[in-house]
Amino acid sequence: MLRIVEDSQAFSVEAEYDGDFWFVKVYVHENGNARHRFTYKINHPKDEESACQRGWELFKHRHLRQS
């Protein structure tokens, strides 16, 4: 699991491997609750940490404002 704070907003990223693909889930934390935002299906990372990093990069690029 990867925990991230971006622009004063907390996120967590979790990855689960099904034998073929990594399913990476991104959650936003608000008022003590975690809300699921997106799930990415990724096939190339070798390990959970790499899958979480790739999922976060995709989410950040597609859904957070770039300064």
Side-chain angles (χ1 to χ4, degrees):
M1 178 188 295
L2 182 64
R3 294 193 181 269
I4 299 161
V5 175
E6 183 85 23
D7 294 328
S8 300
Q9 193 166 25
F11 298 90
S12 61
V13 184
E14 298 177 353
E16 185 175 322
Y17 190 63
D18 75 349
D20 293 315
F21 297 97
W22 287 99
F23 290 88
V24 180
K25 296 179 181 180
V26 178
Y27 297 89
V28 63
H29 296 266
E30 299 172 324
N31 302 322
N33 297 314
R35 185 170 53 99
H36 178 250
R37 289 289 310 269
F38 287 92
T39 299
Y40 296 101
K41 183 178 177 181
I42 303 173
N43 66 353
H44 58 82
K46 296 179 183 179
D47 58 25
E48 182 178 358
E49 184 178 341
S50 298
C52 285
Q53 273 300 131
R54 181 65 182 139
W56 174 250
E57 290 169 6
L58 290 169
F59 177 80
K60 185 175 177 180
H61 178 73
R62 294 176 181 173
H63 302 286
L64 298 182
R65 288 185 182 174
Q66 301 294 317
S67 300

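Just the heavy atoms: all of them, side chains too, but no hydrogens, waters or symmetry mates, feed the values below.
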Worksheet item: What's the verdict on side-chain contact (heavy atoms from CB on, under 4.5 Å) for Phe59 and Val24, showing C-alpha distance, side-chain angles and the deciding distance?
Response: CA-CA 10 Å; Phe59 177 80; Val24 180; over 6 Å; no
Worksheet item: Same cluster for Leu58 and Leu2 if Ile/Leu/Val/Met/Phe/Trp/Tyr side chains link at under 4.5 Å?
Response: yes
Worksheet item: Can you say whether the rings of Phe38 and His63 are parallel (under 30°), tilted (30 to 60°) or perpendicular (over 60°)?
Response: parallel
Worksheet item: Around Glu6, counting heavy atoms of other residues, nucleotides and ligands shown, do more than 12 lie under 6.0 Å from its CD?
Response: yes
Discussion item. Please give me the minimum heavy-atom distance between Trp22 and Asp47, naming the atom from each residue.
Written reply: CZ2-C, 3.4 Å
Worksheet item: Stepwise, does the salt bridge (charged side-chain N to carboxylate O under 4.0 Å, His left out) test hold for Glu57 with Arg54?
Response: CA-CA 5 Å; Glu57 290 169 6; Arg54 181 65 182 139; 3.5 Å; yes
Worksheet item: Taking a hydrophobic cluster as the set of Ile, Leu, Val, Met, Phe, Trp and Tyr residues connected by side-chain heavy atoms closer than 4.5 Å, whether directly or through intermediates, do Phe11 and Phe23 fall within one such cluster?
Response: no
Worksheet item: Same cluster or not: are Ile4 and Val28 linked, directly or through other Ile, Leu, Val, Met, Phe, Trp or Tyr residues, by side-chain heavy atoms under 4.5 angstrom apart?
Response: yes
Worksheet entry | Partner of Tyr27 under side chain to side chain contact (heavy atoms under 4.5 Å, CB included), chosen from Arg37, Met1, Arg3, His36 | His36
Discussion item. Quick one, Asn33 and Arg35 - any side-chain contact, counting heavy atoms below 4.5 Å?
Written reply: no
Worksheet item: Between atom CG of Asp18 and atom NZ of Lys41, what is the distance when rounded to the nearest 0.5 Å?
Response: 7.5 Å
Worksheet, complete the sentence: Taking every heavy atom of Glu48 against every heavy atom of Ala15, the minimum-distance pair comes out as OE2-O, 3.6 Å
